[in-house]
Amino acid sequence: MALFAKKETPKAEFSVLPNHIGIIMDGNGRWAKKRGLPRTAGHKAGSEVFKKIAKECGRLGIKEATFYAFSTENWKRPKEEVNALMGLFKDYLIDAENDLTASGNIRVRFIGERNGISQELLHLMDEAEIETGKRNGTLVNIAVNYGGRQEIVSAVNKLIANGKTKITENDISDSVYTMPDCDLIIRPSGEERLSNFLLWQAAYSEFWYSDVLWPDFKEKDLHSALAEFEKRNRRFGG
């Protein structure tokens, strides 16, 4: 199975698109519980939705999309669930290595801390980034072992290590994982919080929430979020 398998999707076009969207893939566990399934089944279903939505971002021409896959706090979950998540992640990467041509022009990048991730996974992550690095389509950031506070601290420490004694906002913006700032953050599942996601980049983000659990999230839900974004009057504090 390809990482971004080709499939017919509902067609939609927009006069205004965000340059960068962030998506919190939430609700996998609740989706599984409602069906009497183990949480791992929810994560597997959610992984298929990720592929579809990433591909649709590419079709629409969104420049950058960041998907929140595994947070620094997720290590606290039961070992069995963490192992299952890492197993699914490995499946993504094997798919990426074997059949990246099916993803069209999508580029893949992984953001977050690498401590705690196995060498096997790190090697596969590097391969996926190299294989897609020359493409010029949508940049898909997959946030793994990621936390917004950790990202800011890491950026500041990097600047200090490079000899900076006075740090500006522009310095931090240039040193965090993703650029440009995030225009739209999408969170399904009924929760209405950032959960330590893109804290620096979300300073002037628009937010779109939905009660749809992530495994039930479809292209039409992405379209609804983008249609709402078109209506927003963005003043950036002015």
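The first residue of the sequence shown is numbered 1, and numbering continues consecutively from there.
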*asked:* Counting C-beta onward and ignoring hydrogens, is there a side-chain heavy-atom pair between Asp26 and Trp214 closer than 4.5 Å?
replied: no
*Side-chain contact test, heavy atoms from C-beta onward, threshold under 4.5 Å: evaluate it for Asp183 versus Glu206 and give yes or no.*
no
*List for me each residue that meets side-chain contact (heavy atoms from CB on, under 4.5 Å) alongside Ala41, sequence neighbours excluded, and say none if there are none.*
Leu37, Pro38
*So, are Lys76 and Glu73 salt-bridged, with charged N and O less than 4.0 Å apart?*
no
*Do Gln119 and His123 have side-chain atoms, one donor and one acceptor, less than 3.5 Å apart?*
no
*asked:* Between Arg35 and Asp216, does any NZ, NE, NH1 or NH2 come within less than 4.0 Å of an OD or OE carboxylate oxygen?
replied: yes
_How close do Phe14 and Ala227 get, counting heavy atoms only, and between which atoms?_
CE2-N, 3.7 Å
*Could you tell me whether Asp91 and Lys44 make a salt bridge, using a distance below 4.0 angstrom between a side-chain N and a carboxylate O?*
no
*Where is the tightest heavy-atom contact between Thr40 and Ala84, given as atom of each residue plus distance?*
CG2-CB, 3.2 Å
*Please write out which residues are connected to Leu159 in a hydrophobic cluster, directly or through intermediates, given that two of Ile, Leu, Val, Met, Phe, Trp, Tyr count as joined at side-chain heavy-atom separations below 4.5 angstrom.*
Ile24, Tyr68, Ile111, Tyr146, Ile152, Val156, Ile160, Ile167, Ile172, Val176, Tyr177, Ile185, Leu194, Phe197, Leu198, Leu199, Trp200, Phe207, Tyr209
_Checking Lys34 against Leu213 for the side-chain contact (heavy atoms from CB on, under 4.5 Å) test, could you report, in this order, the C-alpha distance in whole Å, the side-chain angles of both residues, the deciding distance, and whether it holds?_
CA-CA 11 Å; Lys34 284 175 64 175; Leu213 300 175; 4.0 Å; yes
*Can you tell me how far the SG atom of Cys57 sits from the CD atom of Glu219, to the nearest 0.5 Å?*
10.0 Å
*Reported CG-to-OG distance for the pair Asn162 and Ser175, which is rounded to 0.5 angstrom*: 7.5 Å
*Assert yes or no for the condition that the ring centre distance of Phe89 to Phe110 is strictly below 6.0 Å.*
yes
*Nearest 0.5 Å, what's the CD-CD distance between Glu131 and Glu127?*
6.5 Å
*asked:* Taking Ala45's backbone N and O only, do any of them form a donor-acceptor pair with Glu48's side chain (distance below 3.5 Å, no angle check)?
replied: no
*Could you check Asn157 against Ser154 for side-chain hydrogen bond (donor to acceptor under 3.5 Å, both in side chains), going step by step and ending with a plain yes or no?*
CA-CA 5 Å; Asn157 283 332; Ser154 177; over 6 Å; no
*OG1 on Thr178 to CD on Gln201, rounded to 0.5 Å*: 3.5 Å
_Evaluation steps, side-chain contact (heavy atoms from CB on, under 4.5 Å), between Asn105 and Asn136_ = CA-CA 7 Å; Asn105 209 25; Asn136 58 10; 2.4 Å; yes
*Taking the side chain as C-beta and beyond, is there a heavy-atom pair between Leu139 and Arg109 under 4.5 Å?*
yes
*Enter the distance from Asn74:CG to Leu85:CG here, rounded to the nearest 0.5 Å.*
7.0 Å
*Residues Arg107 and Glu64 bridged, charged N to O under 4.0 Å*: no
*Considering all heavy atoms, the nearest Gly58-Thr138 contact*: CA-OG1, 3.2 Å
_What verdict does the side-chain hydrogen bond (donor to acceptor under 3.5 Å, both in side chains) test give for Asn145 and Asn115, after you've listed the backbone C-alpha separation in whole Å, the side-chain angles of each residue and the deciding distance to 0.1 Å?_
CA-CA 8 Å; Asn145 196 20; Asn115 293 339; over 6 Å; no
*Linking I/L/V/M/F/W/Y whenever any side-chain heavy atoms sit under 4.5 Å apart, do Phe217 and Phe70 land together?*
yes
*With the 4.5 Å side-chain cut-off for hydrophobic clustering, are Leu121 and Val108 part of the same group?*
yes
*Closest heavy-atom contact between Asn19 and Pro180?*
CB-CG, 4.3 Å
*asked:* I'd like to know if Arg187 and Glu192 make a salt bridge, using a cut-off of under 4.0 Å between side-chain N and carboxylate O.
replied: no
*Should Met86 and Met25 be regarded as members of a common hydrophobic cluster, given that ILVMFWY residues are connected when their side-chain heavy atoms come within less than 4.5 Å of each other, either directly or indirectly?*
yes
*Salt-bridge criterion met for Glu81 and Arg39 (N-O under 4.0 Å)*: yes
*Out of Leu222, Ile186, Asp221, which residue meets the side chain to side chain contact (heavy atoms under 4.5 Å, CB included) rule with Ile53?*
Leu222
*Heavy atoms only: give me the nearest Ser205-Cys182 pair and the separation to one decimal.*
OG-O, 2.7 Å
_Cluster link Trp208 to Ile62, ILVMFWY, side chain under 4.5 Å_ = yes
_Criterion side-chain contact (heavy atoms from CB on, under 4.5 Å) on His20 and Asp181, from CA distance to verdict_ = CA-CA 7 Å; His20 180 195; Asp181 284 351; over 6 Å; no
_In the structure I gave you, are the side-chain heavy atoms of Trp75 and Val82 within less than 4.5 Å of one another anywhere?_
yes
*Regarding Asn170 and Ser173, is there a side-chain donor-to-acceptor distance under 3.5 Å anywhere?*
no
*So, for Ala32 and Gly42, which heavy atoms are closest and what is the spacing to 0.1 Å?*
CB-N, 3.7 Å
*Under 4.5 Å between any side-chain heavy atoms of Ile142 and Val140, yes or no?*
yes
*Using 4.0 Å as the upper bound for N to carboxylate O, is an ion pair formed by Lys52 and Glu56?*
no
*May I ask you to test the Asn83-Glu80 pair for a side-chain heavy-atom distance under 4.5 Å?*
no
_What I'd like to find out is whether the side chain of Leu226 reaches to under 4.5 Å of the side chain of Pro18, using heavy atoms alone._
yes
*Should Ser189 and Arg30 count as side-chain neighbours, where that means a heavy-atom distance under 4.5 Å?*
yes
_Taking the basic N atoms (NZ, or NE/NH1/NH2) and the acidic carboxylate oxygens, is any pair closer than 4.0 Å for Asp126 and Arg114?_
yes
*Once you round to the nearest 0.5 Å, how far does CG of Asp174 lie from OG1 of Thr168?*
7.5 Å
